[in-house]
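Worksheet: the structure to be examined is printed underneath.
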Amino acid sequence: MSVYDRPLVMLDFETTGLSPEMGDRITEVAALRIVGGEVTERYVSLVNCGVRVPSFITQLTGITQAMVDGAPPAHQVVPELLDFIGGDVLSAHNASFDEKFLKAEGARYGRSTAHTGLVCSLKLSRRLFPGLASYKLGLLSNQLGIEFRGTAHRAEADAQVAADVLLHAARHLGRTCGIEQVEPALLVSINKVAAAKIPAFLDKYAATVRERRIAAASAAAAAVPA
């Protein structure tokens, strides 16, 4: 089974709205570190940003004003979250949304992000699994045969199923490209390739992998004393 050769962190925020530029804030966070082929660490917390939780957000997520008011303050959670992510590759489903909130919250406390790459599992799924009826997380996971555990629109449950999608993608790439160790950088590259060009891109990548194996085997054989 193919696994990742370097850690990735799957991130999910629940928020009061869609735009940090308009004053929206985070209400809950889950960050799951994937090492090899499994989730090995978690950072999960409700967040008190001192703001009102709109009623439609409570209806969507189940997160109430009382839950947020009793949660750890943002000035504690945000630095802890950034320290947890560190310099690993970051992933999220619709990653631009979560990254912009991460950067905005960090900036409030004089902290910058340090992740070394960004993988959108939504874009990745569109490219690796074309033709599905929907790429919304719950429907996507069902189409891929991934069990959705927990409650949708809660950070940990969403991050867990998104992490499972990434692990499913590793197995798919292993079969497609004939590799056991999948580089997170490959996912970053796939995100940047137009969907129509993905088959040719993966064929070329697989050919490169085969050439490297042949070269390594030849070098090893040449090093054996006669």
Do side-chain atoms of H93 reach the backbone of Y135 as a donor and acceptor pair under 3.5 angstrom?
yes

Does F13 reach the side chain of L102, with side-chain heavy atoms less than 4.5 Å apart?
yes

Qualifying residues under ring-ring contact (aromatic ring centres under 6.0 Å, His included), relative to H153, sequence neighbours excluded:
none

Output all residues satisfying ring-ring contact (aromatic ring centres under 6.0 Å, His included) with H172, sequence neighbours left out; order by chain, then residue number.
F129

Taking side-chain contact (heavy atoms from CB on, under 4.5 Å) as the test, write out the residues that go with I57, two or more places apart.
V53, P54, T61

Do V3 and V182 have side-chain heavy atoms sitting under 4.5 Å apart?
no

Student check: side-chain heavy atoms of L8 and L90 closer than 4.5 Å:
no

Looking at D12, is its backbone amide N or carbonyl O close enough to the side chain of D158 to form a donor-acceptor pair, meaning the two atoms are under 3.5 Å apart?
no

The reported gap from CD in E156 to CZ in R42 (rounded to nearest 0.5 angstrom) is 5.0 Å

Side chains of S121 and M10: does their closest heavy-atom pair fall under 4.5 Å?
yes

Single-linkage hydrophobic cluster, 4.5 Å side-chain cutoff, F101 and V89 together:
no

Result block: side-chain N/O donor-acceptor pairs under 3.5 angstrom for residues 72-84, not counting sequence neighbours:
residue: E80; atom: OE1; partner: Y43; partner atom: OH; Å: 2.6
residue: D83; atom: OD1; partner: R111; partner atom: NH2; Å: 2.7

Let's go through Q65 and T58 carefully: what are the C-alpha distance in whole Å and the side-chain angles of both, what is the deciding distance for side-chain contact (heavy atoms from CB on, under 4.5 Å) to 0.1 Å, and is it a yes or a no?
CA-CA 8 Å; Q65 188 69 53; T58 297; over 6 Å; no

So, does T15 use its side chain to make a donor-acceptor pair with the main chain of G17 at under 3.5 Å?
yes

Looking at R6 and P184, what are the two nearest heavy atoms and their distance?
O-CG, 3.6 Å

Nearest-0.5 Å distance that lies between atom CD in E38 and atom CD1 in I34
10.5 Å

Shared hydrophobic cluster for V9 and L118 (ILVMFWY, side-chain gaps under 4.5 Å)
yes

Please answer: with hydrophobic residues joined when any side-chain heavy atoms are less than 4.5 Å apart, are L11 and L122 in the same cluster?
no

Remaining members of L139's ILVMFWY cluster at a side-chain heavy-atom cut-off under 4.5 Å?
none

Would I85 end up clustered with V119 when hydrophobic side chains under 4.5 Å apart are linked, directly or stepwise?
no

Do L186 and L173 touch side chain to side chain, with heavy atoms closer than 4.5 Å?
yes

With sequence neighbours left out, the residues meeting side-chain contact (heavy atoms from CB on, under 4.5 Å) with A206 are C177, R210

Output a table of donor-acceptor pairs, distance under 3.5 Å, between side-chain atoms of residues 22-32 and any protein atom two or more places apart or on a different chain; print 'none' if there are none.
residue: D24; atom: OD1; partner: T16; partner atom: OG1; Å: 3.4
residue: D24; atom: OD2; partner: L18; partner atom: N; Å: 3.1
residue: D24; atom: OD2; partner: S19; partner atom: N; Å: 3.0
residue: R25; atom: NE; partner: E105; partner atom: OE1; Å: 3.4
residue: R25; atom: NE; partner: E105; partner atom: OE2; Å: 2.8
residue: R25; atom: NH2; partner: E105; partner atom: OE1; Å: 2.9
residue: R25; atom: NH2; partner: Y109; partner atom: OH; Å: 3.4
residue: T27; atom: OG1; partner: E14; partner atom: O; Å: 3.1
residue: E28; atom: OE1; partner: R154; partner atom: NE; Å: 2.9
residue: E28; atom: OE1; partner: A155; partner atom: N; Å: 3.1
residue: E28; atom: OE2; partner: R154; partner atom: NE; Å: 3.4
residue: E28; atom: OE2; partner: R154; partner atom: NH2; Å: 2.8

Other hydrophobic cluster members with L60, side-chain heavy atoms of Ile/Leu/Val/Met/Phe/Trp/Tyr under 4.5 Å, chained?
none

Between CG of L144 and CG of L132, what distance do you get to the nearest 0.5 Å?
6.0 Å

Just jot down the side-chain contact (heavy atoms from CB on, under 4.5 Å) partners of D164, sequence neighbours excluded, or say none.
I146, R149, Q160, L167

Across all chains, not counting sequence neighbours, the side-chain hydrogen bond (donor to acceptor under 3.5 Å, both in side chains) partners of E183 are Y205

Atom pairs and distances, donor-acceptor, side-chain atoms in residues 187-204, under 3.5 Å, two or more places apart:
residue: S189; atom: OG; partner: A185; partner atom: O; Å: 3.1
residue: N191; atom: OD1; partner: C120; partner atom: N; Å: 2.6
residue: N191; atom: ND2; partner: C120; partner atom: O; Å: 3.4

Indicate yes or no for a side-chain donor-acceptor contact from R127 to the backbone of K123 under 3.5 Å, with no hydrogens or angles considered.
yes

Output the distance between atom OG (S125) and atom NZ (K136), rounded to the nearest 0.5 Å.
15.0 Å

Following the transitive rule for hydrophobic clusters with a side-chain heavy-atom cut-off under 4.5 Å over Ile, Leu, Val, Met, Phe, Trp and Tyr, establish whether V68 and F56 coincide in one cluster.
yes

Residues which pass side-chain contact (heavy atoms from CB on, under 4.5 Å) with A157, listed by chain and number, not counting sequence neighbours
F148

Side chains of S141 and E147: closer than 4.5 Å at any heavy-atom pair?
no

Mind checking whether L166 and S91 have side chains closer than 4.5 Å, heavy atoms only?
yes

